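Heavy-atom basis, side chains included; hydrogens, waters and symmetry copies ignored. Small disclaimer: the values here were computed from a predicted structure and weren't measured.
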Amino acid sequence: METADIAVISSQIIALAAVVATVLTCYINAKNEYKIKKFERLFDAKTKAYQEFLSVVTGFD
């Protein structure tokens, strides 16, 4: 193998690694964003349920 072949092959490997790293980063960020939104919706639902419960309980005075 000549040095030119090695340079071409190594540059292709580096380019592929850059693409894979970008895709992997986007996937991880999207997954974490989904978990955060899911938690926020659950927290909002629980807060609303507790507020409704308290309004019902305090209405029995």
Side-chain angles (χ1 to χ4, degrees):
M1 248 196 227
E2 295 180 19
T3 56
D5 292 338
I6 294 173
V8 170
I9 292 171
S10 64
S11 65
Q12 290 175 347
I13 291 172
I14 291 171
L16 181 63
V19 170
V20 169
T22 304
V23 170
L24 188 61
T25 301
C26 286
Y27 173 75
I28 291 170
N29 285 340
K31 190 174 177 182
N32 286 335
E33 188 69 28
Y34 172 74
K35 285 181 181 180
I36 290 170
K37 291 292 183 185
K38 185 177 168 183
F39 175 75
E40 286 175 353
R41 279 193 236 143
L42 178 66
F43 184 77
D44 290 343
K46 282 186 175 182
T47 302
K48 183 179 176 184
Y50 288 137
Q51 288 174 346
E52 289 177 8
F53 174 75
L54 288 175
S55 69
V56 168
V57 169
T58 56
F60 286 118
D61 288 337

(message) Rounded at 0.5 Å granularity, tell me how far NZ in K48 sits from CD in E52.
(response) 5.5 Å
(message) Working to the nearest 0.5 angstrom, can you tell me the gap between I13 CD1 and I9 CD1?
(response) 7.0 Å
(message) So, taking the atom named OG in S10 and the one named CG in D5, what distance separates them when rounded to the nearest 0.5 Å?
(response) 10.5 Å
(request) Report yes if some heavy atom in the side chain of F39 is under 4.5 Å from a heavy atom in the side chain of K35; otherwise report no. (result) no
